[in-house]
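Note sheet for the following structure.
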Number of protein chains: 2
Amino acid sequence: MSGAPRNPADGGAAGRSIWTRPQRGARGPAPTHSRDEIAAAAVALADADGLGAVSMRAVAGALGMAAPSLYRHLSSRDDLLDLMVDRCVGELRPYPTDDGTWQDRFLLLARRQLALHRRHPWLPDAIARPTVPGPNTLAHFDACLRLLQPVRAGVAAKFEAIAMVTGVVSLFARSAAAAGTVTFDHVDLAAYPHLAAAFAEPPSAPPDQDLFERTLRSLLTGLLTTDHP
Amino acid sequence: MSGAPRNPADGGAAGRSIWTRPQRGARGPAPTHSRDEIAAAAVALADADGLGAVSMRAVAGALGMAAPSLYRHLSSRDDLLDLMVDRCVGELRPYPTDDGTWQDRFLLLARRQLALHRRHPWLPDAIARPTVPGPNTLAHFDACLRLLQPVRAGVAAKFEAIAMVTGVVSLFARSAAAAGTVTFDHVDLAAYPHLAAAFAEPPSAPPDQDLFERTLRSLLTGLLTTDHP
DNA sequence: CGAAACCGCGAACGCTGTTTGCAGTTTACA
DNA sequence: TGTAAACTGCAAACAGCGTTCGCGGTTTCG
């Protein structure tokens with residue numbers, strides 16, 4: 001009979017993502033936990049035991065609340081992941097400004113991204129998903145575009161380059177974490193001569209220490225340098 | 001009382017992965033479905049509705065059987081994903097042999113990988129996970145190493161390069177599928193001047209058509225060419 | 001003061017991967 | 001050939017998941 005009490009997390013017709021929704025209503029009691037507390041708890045869980053450990057019940061439990069209460073703040077688990085990603089992207093601050101060429105500056109930012117992925121190995125899995133960018137993500141894109149201002153290239157090319165660099169950073173992070181990597185233990189290599197020969201060789205020195213820098217430099221110049229005027 | 005009837009999918013102490021386990025036991029009735037049929041059904045489901053649609057019940061249902069029956073062939077869902085991945089990697093055959101430099105040949109293989117990812121957009125998600133390589137995956141690695149035979153570089157560097165190329169291929173596939181990409185619709189860009197300026201610009205021409213080739217060539221030479229003797 | 005809006009949550013729904021126990025079938029061995 | 005072992009397929013069930021519903025208590029607005 002009473003007017004439909006809508007969940008504020010649903011938002012009106014206007015508030016479709018978390019970022020366009022108020023953190024709390026103006027009427028009822030104060031929420032016992034803020035959006036930041038929720039994001040922090042979820043990130044801590046993911047850092048400790050991977051993204052699979054971030055269940056609504058687990059996050060709620062870590063904050064001493066019941067699972068359905070989370071839906072007062074989030075409209076879905078995807079919202080939670082968006083919150084986590086944006087919170088971590090905020091750790092990229094402050095953005096490089098001063099020294100060197102634009103490539104040096106961009107590489108510095110890439111190194112910060114690499115460190116971020118090392119700190120939060122679940123990040124690629126959380127980003128591999130249609131994501132609504134939060135304020136920190138927007139600020140990061142803005143900083144990237146600012147760094148690329150001296151580059152004479154179209155906007156589309158710049159976005160492509162940014163996405164590619166981000167992707168390569170996650171590739172390096174993955175290979176370092178040895179996750180998602182095939183292991184050749186206990187495999188019969190008799191039918192694969194080149195593989196067998198490769199493993200018969202004495203273990204060669206690991207690749208160049210500055211492989212990261214060389215890869216990204218060649219990628220940036222390849223992507224953002226056009227050879228036809 | 002009777003001796004413990006062990007599930008053959010569990011394997012003995014020796015058979016830990018699918019690939020080291022017999023497709024069927026030597027004693028009982030013939031299975032109504034083969035390993036290949038199961039993999040094919042799962043791949044079809046994933047191609048149609050994404051990896052999330054590949055549930056044990058759905059795969060079993062597509063083959064007209066009940067869910068628990070699948071565990072006569074697979075010891076877990078991860079086994080199923082391993083089967084799917086290896087089945088798709090088999091589509092990369094035949095491997096390049098004849099024409100051009102080693103870079104040309106490797107690039108041809110990369111193009112085949114790109115087409116493969118376009119056909120099976122769920123592949124990156126299925127590979128992002130500790131995977132046991134099947135025969136097709138081993139053959140693919142073997143072919144890669146064969147193509148890289150003229151290259152004077154350590155084995156570790158070659159594996160790094162192969163993994164990186166595979167990763168970049170999946171990045172290109174992703175950007176083409178526009179999945180896992182942030183969208184800037186309905187976002188207030190007032191606080192982000194460079195982003196706002198980028199979107200205010202007339203839409204620039206899309207990046208170079210042969211971006212894929214240029215990127216991979218610069219990556220390969222960057223990764224596998226050492227400038228200190 | 002009353003009404004509206006909001007917070008937290010117990011209970012429940014449909015889904016998931018997986019295990020158990022049993023009936024029926026085929027093969028190997030004595 | 002007879003019998004025991006091994007195998008297949010499945011109904012039922014379990015724990016966990018994301019999510020929804022509806023209620024009682026709390027805060028704020030008009």
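In the text below, chain A, chain B and the rest are named by the order of the sequence lines, each starting its count at 1.
- Rounded to whole Å, the distance from CG on B:D78 to P on C:dG17 is 11 Å.
- Whole-Å rounding puts the B:L80 CG to C:dT16 C1' distance at 14 Å.
- As a whole-Å value, the separation of A:H33 NE2 from C:dC9 C1' is 13 Å.
- At least one donor-acceptor pair closer than 3.5 Å links the side chain of B:R77 to the backbone N or O of B:V54.
- With hydrogens and angles disregarded, a donor-acceptor distance shorter than 3.5 Å links the side chain of B:H33 to the backbone of B:L63.
- Mapping A:T32 and B:R24 onto DNA chain C by nearest heavy atom places A:T32 closer to the 5' end of the strand.
- In this structure a side-chain-to-backbone donor-acceptor pair under 3.5 Å is present from A:E37 to A:S34.
- Using bins of under 30°, 30° to 60° and over 60° for the plane-to-plane angle, the ring pair B:F159/B:F141 lands in the tilted bin.
- When atom types are taken as modelled, the side chain of B:R112 and the backbone of B:R93 share a donor-acceptor pair closer than 3.5 angstrom.
- In this entry the distance linking CE of B:M65 with P of D:dA11 reads 11 Å, nearest Å.
- The base of C:dG17 lies close enough to the side chain of B:R57 for a donor and an acceptor atom to sit less than 3.5 Å apart.
- With the end axes of the helix from C:dC1-D:dG30 to C:dA30-D:dT1 each set by five pairs, the angle from one to the other reads 0° at 10° resolution.
- Sequence order on DNA chain C of the closest nucleotides to B:A30 and B:A67 puts B:A67 first from the 5' end.
- Applying the 4.0 Å criterion to OP1 and OP2 of C:dC7, one finds that A:H73 has every side-chain N and O outside that range.
- Remark: side-chain polar atoms of B:R72 are not paired, donor with acceptor, to backbone N or O of B:S69 under 3.5 angstrom.
- The 5' end of DNA chain D is approached more closely, in terms of each residue's nearest nucleotide, by B:G64 than by the other of B:G64 and A:S76.
- At the heavy-atom level, A:V59 lies nowhere under 4.0 Å from the strands shown.
- At whole-Å resolution of the value, CE in A:M56 and P in C:dG14 are 20 Å apart.
- An OP1 or OP2 oxygen of C:dG17 is reached within less than 4.0 angstrom by a side-chain nitrogen or oxygen of B:R77.
- Distances were taken from every side-chain heavy atom of A:S69 (C-beta onward) to each of D:dT19, C:dG8, C:dG17; the shortest belongs to C:dG8.
- Listed candidates were D:dA12, C:dC9, D:dG18. Nearest to the side chain of B:P68 is D:dA12.
- Atom-to-atom, CG of B:L74 to C1' of C:dT19 comes out at 15 Å; the value is rounded to the nearest Å.
- Rounded to whole Å, atom P of D:dG9 lies 9 Å from atom CD1 of B:I38.
- Taking 4.0 Å as the cut-off between side-chain N and carboxylate O, A:R129 and A:D82 count as a salt-bridged pair.
- In this structure, A:D142 contributes its side chain and B:H194 its backbone to a donor-acceptor pair below 3.5 Å.
- Between the CG atom of B:L70 and the P atom of C:dT18 there is a distance of 11 Å, rounded to whole Å.
- Closest to the B:P29 side chain, of the nucleotides C:dT26, C:dG10, D:dG25, is C:dT26.
- Between C:dT16 and B:S55, a contact under 4.0 Å exists linking OP1 or OP2 to a side-chain N or O.
- In this structure, of C:dA5, D:dC7, D:dC10, it is C:dA5 that holds the atom nearest to the side chain of A:R27.
- If you check distances only, the side chain of A:R72 does reach the base of C:dG8 with a donor-acceptor pair under 3.5 Å.
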